Each structure stands twice: as structure tokens, then as C-alpha cells.
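Heads up: the structure comes next, in C-alpha cells.
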Amino acid sequence: MTTLLLKDADVLVTMDAERREIPGGGVFIRDGVIEAVGPTPELPTTADEVVSLAGCVALPGLVNTHHHMYQSLTRAIPGAQDAELFAWLRRLYPIWAGITPEMIRVSTLTAMAELILSGCTTSSDHLYLYPNGARLDDSIEAAATIGMRFHAARGSMSVGESQGGLPPDRLVEDERTILKDTRRLIETWHDPKRHAMQRIVVAPCSPFSVSRDLMREAAELARQYKVSLHTHLAENDNDVAYSREKFGMTPAEYAESLGWVGHDVWHAHCVKLDTPGIDLFARTGTGVAHCPCSNMRLASGIAPIPAMREAGVPVGLGVDGSASNDAGHLLGETRQAMLLARVGFGPAAMSARQALELATLGGARVLNRDDIGALAPGMSGDIVAFTTNGLDLAGAAVHDPVASLVFCTPQNVRHSVINGKRIVGDGQLLPVELPALIEQHNRLARELINSRH
């Protein structure tokens with residue numbers, strides 16, 4: 001049995017049922033699970049490891065609900081910098097065809113390092129192309145190396161250009177192969193228990209890259225194994241037009257017709273989700289991964305997040321792929337979610353604390369988990385702490401240290417604990433040597449783009 005005491009935070013943001021913010025608060029963790037939360041004098045005084053959070057705001061680990069980690073190899077690619085979604089994909093698909101298993105592993109480590117340092121402790125990743133022997137296992141093994149709580153989404157594309165889809169034919173897979181490999185991954189890697197570090201998600205890529213049959217069979221497979229479902233939906237006007245032309249339905253109607261609604265389903269983006277779609281998602285508990293930076297980068301639009309929240313739709317945050325963001329800073333995404341909501345819907349559309357709730361409890365609900373997103377006895381031991389005495393928060397933290405995390409320049413974490421283990425200490429990422437990882441990642445990024453010439 002191992003114990004960890006985190007104590008003396010300037011403010012401990014619990015996100016518990018009472019939304020308590022505890023001055024001088026702390027958390028006592030035993031074997032990866034929170035045992036006690038409260039003012040430091042009320043906690044046990046000894047543990048196997050004791051960490052002072054003085055000078056910090058501590059909160060539940062942030063939850064990232066949508067990413068394509070391999071895309072960190074192709075950030076800011078010329079020719080894709082000023083394109084909307086479909087043109088952006090057509091520019092990048094041929095480059096991604098050169099991805100190798102090593103590139104998947106290293107890009108996953110790099111993306112996870114960036115996420116962890118930004119306050120993220122749980123992330124989903126949607127890997128939907130598998131050229132040159134790449135497998136989802138490469139991502140899963142990287143997550144175990146760095147210690148991140150991980151929802152690995154087995155994406156897929158089965159409808160290539162010759163069949164009216166968007167991706168090149170050489171990047172699509174046979175649907176029997178997709179379903180067989182998805183079954184293998186669930187049986188090999190999925191952990192359904194509370195506090196699980198590894199789960200598998202069934203995730204055909206999008207309505208414009210897979211068939212109706214695959215969407216329907218994927219949903220049946222997921223429910224047979226009681227795992228979650230994930231895809232892209234209603235991302236921009238072209239996406240909606242494709243759905244109307246090919247299926248004669250709105251994206252939400254299409255999803256419903258195939259069984260892709262329910263508490264075990266979440267869709268990325270939903271920028272163009274209409275009012276009937278919002279009502280459908282609220283009624284069925286279908287979740288949304290809100291990706292504000294990517295939606296702005298690709299000029300997709302402003303998702304109606306205030307209306308979704310008002311209706312009761314589960315909403316979490318996602319940084320999306322690093323080639324459409326081009327960052328993976330989840331606290332930065334939290335800030336952007338607040339600002340974009342205000343641009344679209346007025347200054348009271350989203351508060352700093354509401355944005356933090358999207359990044360914690362909201363993400364947990366979207367991923368269909370009841371063990372992360374809050375600091376309370378019985379919850380997973382995932383907690384992050386941000387320093388508030390630096391230059392960027394000067395004059396803000398003295399007034400409202402919690403809101404300052406969102407209003408001011410996004411910080412990197414001082415400390416991060418995942419599953420009761422220290423992953424970041426005093427601002428340093430502990431499981432991997434970051435300079436060496438960055439050098440390796442940059443070498444592979446050059447190899448990938450040079451393989452096209």
C-alpha cells in the first residue's frame with residue numbers, strides 16, 4: 001500500500017457536489033484512490049510521500065475528450081495553414097500515408113507530454129489511419145510509458161475517393177478487418193473497472209469516410225462489449241452538406257438512424273448541431289467534445305455550447321489534432337472555450353469556473369466515467385497544481401486565483417499526480433527525458449515530410 005499527501009494549497013478546487021473551494025486544502029491518496037479531502041489540518045499528517053502545494057491552486061486533473069496525437073508530426077504544414085476542413089484533409093492525407101509505428105509511438109509520447117504539462121491527466125485519442133504496419137497498440141504502449149490515463153479510440157476509414165469518400169483509397173481499410181481488429185483491441189486492452197488507466201473506444205472516423213454498415217455494426221460491437229463510441233459530427237457547413245446530399249438527413253438524424261446516440265456515445269465538434277439535434281443529444285445523454293481552437297483555426301464556426309449546456313447535453317473539451325490547433329495545451333483550450341463563447345453569445349455566456357467545469361466534470365461525463373473530474377473520497381487520485389505567484393498572474397491571483405487560471409496566460413503545471421503517482425514535480429516531467437523526446441520527434445517529422453519528395 002502506498003500513500004501520498006498533497007497539502008497546503010492556497011485554494012483546492014474540488015468540483016465536488018457542493019463545488020467547494022478550500023483555502024489551505026489538501027488531498028490524501030491511498031493506492032491511487034482519494035481517501036480524504038479537506039483543510040490540511042484535518043488530513044492525515046504522514047504519508048509515504050508528502051508534497052507541499054503552497055503557492056498553488058490545485059484542482060482535479062483536466063480531461064481531454066478529443067485528439068489525433070499523430071498529427072503533432074505535421075503542425076503548421078505549408079499548404080494546410082489557411083484551409084477549411086476538407087481542403088486541409090486533402091493536403092495532409094498523402095503525408096500521413098507515410099506514418100510508421102515508431103512515428104505513432106513517439107508522436108503519442110510528445111502529445112501526451114504537452115497535455116500533461118498543461119494540466120491534463122486523462123485523454124482520449126482518435127487514431128483512424130494505420131499505414132505501414134501502425135497499430136493502436138503503439139499508442140497504448142506510449143501511454144503506459146508516460147503514465148497517462150488513456151481512452152484509446154480505434155478509428156477507421158473504409159470509404160475512399162473511388163467510392164465517393166474523402167480519403168485516398170490507399171488509406172482505407174476493409175470493414176471486416178476493422179471490426180476484427182477492434183474486437184482484438186477490446187479483448188486485449190480494455191479495462192472496465194473504476195479507476196481504469198486504459199480503455200478502448202469504438203470510433204469510425206466520420207460520415208464522409210465510412211459506410212452506414214460500418215457505423216451500424218460498430219455500434220452493435222461496442223454495445224456487445226459495453227464500451228463507448230466516438231466519431232466526428234456536424235463539424236462545418238461542408239460536413240452538413242455532405243450528410244444531406246449522401247444520406248438525405250442532418251448529421252444528428254443520421255447518427256440517430258444508426259444507433260449513434262446515448263450516454264455511451266460522444267461526437268467531436270458539433271459546430272453545426274441544430275436545435276433538434278441539441279434536443280436529441282440532451283434527451284439521450286449523447287456527449288459533445290468541444291474543440292474551440294481547431295474550430296477557429298479551420299474557420300468551422302462557433303459551436304452553440306451555451307445552448308447545449310442549457311439543454312443538458314454533456315459537453316467536454318478537446319484540443320483536437322495538433323495539425324488543426326496547432327497546440328495541445330488543455331488549460332489554454334479552457335480559456336479559449338470561455339472567450340469563444342463570449343464572442344458568439346455575449347459576455348455572460350461562460351464564466352471562468354464554468355469553463356473549468358467543462359474541462360473536468362464535463363470531460364468525465366462525456367467519457368462516461370464517474371471516477372474522475374472531481375476531488376472527493378472514492379475518486380481517482382488525479383490532481384494538478386498551478387503556481388499563482390508568477391509574472392503572468394501578477395495582480396490577478398490576489399483577487400481570484402481560481403478565475404485567474406482561465407483569464408490570464410495559460411500556465412504549465414507545477415505538480416501533476418495521475419493515479420496517485422507523481423508525473424510532474426516542480427514543473428519537471430518525470431517519466432521521460434523531454435529534450436531527447438523532442439529531438440526524436442522533430443527528426444521523425446522531417447522524415448515524414450521528406451518522404452513525400
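Fair warning: this is a prediction, and the values are worked out from it, not measured in the lab.
- Using a 3.5 Å distance cut-off with no hydrogens or angles, the side chains of E175 and S158 do pair a donor with an acceptor.
- Residues T360 and G61 approach most closely at CG2-O, 4.2 Å, considering heavy atoms.
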Quick one: do T188 and I200 satisfy side-chain contact (heavy atoms from CB on, under 4.5 Å)? Show the steps, please.
CA-CA 9 Å; T188 304; I200 299 296; over 6 Å; no
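- Residues E333 and N64 bring no donor and acceptor atom of their side chains to less than 3.5 Å of each other.
- Under 4.0 Å is where a charged nitrogen must lie from a carboxylate oxygen, and between R176 and D174 no such pair does.
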Starting from the C-alpha separation in whole Å, work towards a yes-or-no answer on side-chain contact (heavy atoms from CB on, under 4.5 Å) for S139 and Y70.
CA-CA 9 Å; S139 296; Y70 73 89; over 6 Å; no
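- Using a 30° and 60° split on the angle between ring planes, F86 and Y242 fall in the perpendicular class, above 60°.
- A 6.0 Å sphere centred on CZ of R223 holds more than 12 heavy atoms belonging to other residues, nucleotides or ligands.
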Let me see the working for V288 and L233 under side-chain contact (heavy atoms from CB on, under 4.5 Å), right down to the final yes or no.
CA-CA 9 Å; V288 170; L233 198 76; over 6 Å; no
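- Screening D191, D382, D125, D371 against R149 for a salt bridge (charged side-chain N to carboxylate O under 4.0 Å, His left out) leaves a single residue, D382.
- Annotation: ring pair (Phe, Tyr, Trp, His ring centres under 6.0 Å) contacts of W88 (sequence neighbours excluded): W96.
- R184 and D181 are joined by a salt bridge, as a carboxylate oxygen and a charged side-chain nitrogen come within less than 4.0 angstrom of each other.
- Taking both residues in full, the closest heavy atoms of A152 and Q198 are given as CB-NE2, 3.7 Å, listed atom of the first, atom of the second, then distance.
- Between R297 and D320, every side-chain heavy-atom pair lies at or beyond the 4.5 Å cut-off.
- With contacts defined as side-chain heavy-atom distances shorter than 4.5 Å, the pair T110/I438 does not qualify.
- In this structure, the side chains of D138 and T108 stay at 4.5 Å or more apart for every pair of heavy atoms.
- The 12-atom threshold is exceeded at CD of Q81, counting heavy atoms of other residues, nucleotides or ligands nearer than 6.0 Å.
- Between K272 and D239, no side-chain nitrogen of the basic residue sits less than 4.0 Å from a carboxylate oxygen of the acidic one, so the salt-bridge criterion is not met.
- Using cut-offs of 30° and 60° for the angle between ring planes, the F247 and Y254 rings count as parallel.
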Working note: F208 + H232, criterion ring-ring contact (aromatic ring centres under 6.0 Å, His included); need CA distance, chi angles, decisive distance, verdict.
CA-CA 10 Å; F208 51 80; H232 299 83; 7.5 Å; no
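- Listed by chain and number, the residues in a side chain to side chain contact (heavy atoms under 4.5 Å, CB included) with M296 are Q336, L340 (sequence neighbours excluded).
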Test log, rule side-chain contact (heavy atoms from CB on, under 4.5 Å), inputs N236 and V271:
CA-CA 6 Å; N236 71 0; V271 174; over 6 Å; no
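- Shown here are the side chain to side chain contact (heavy atoms under 4.5 Å, CB included) partners of R446, two or more places apart in sequence or in another chain: N442, R443, N450.
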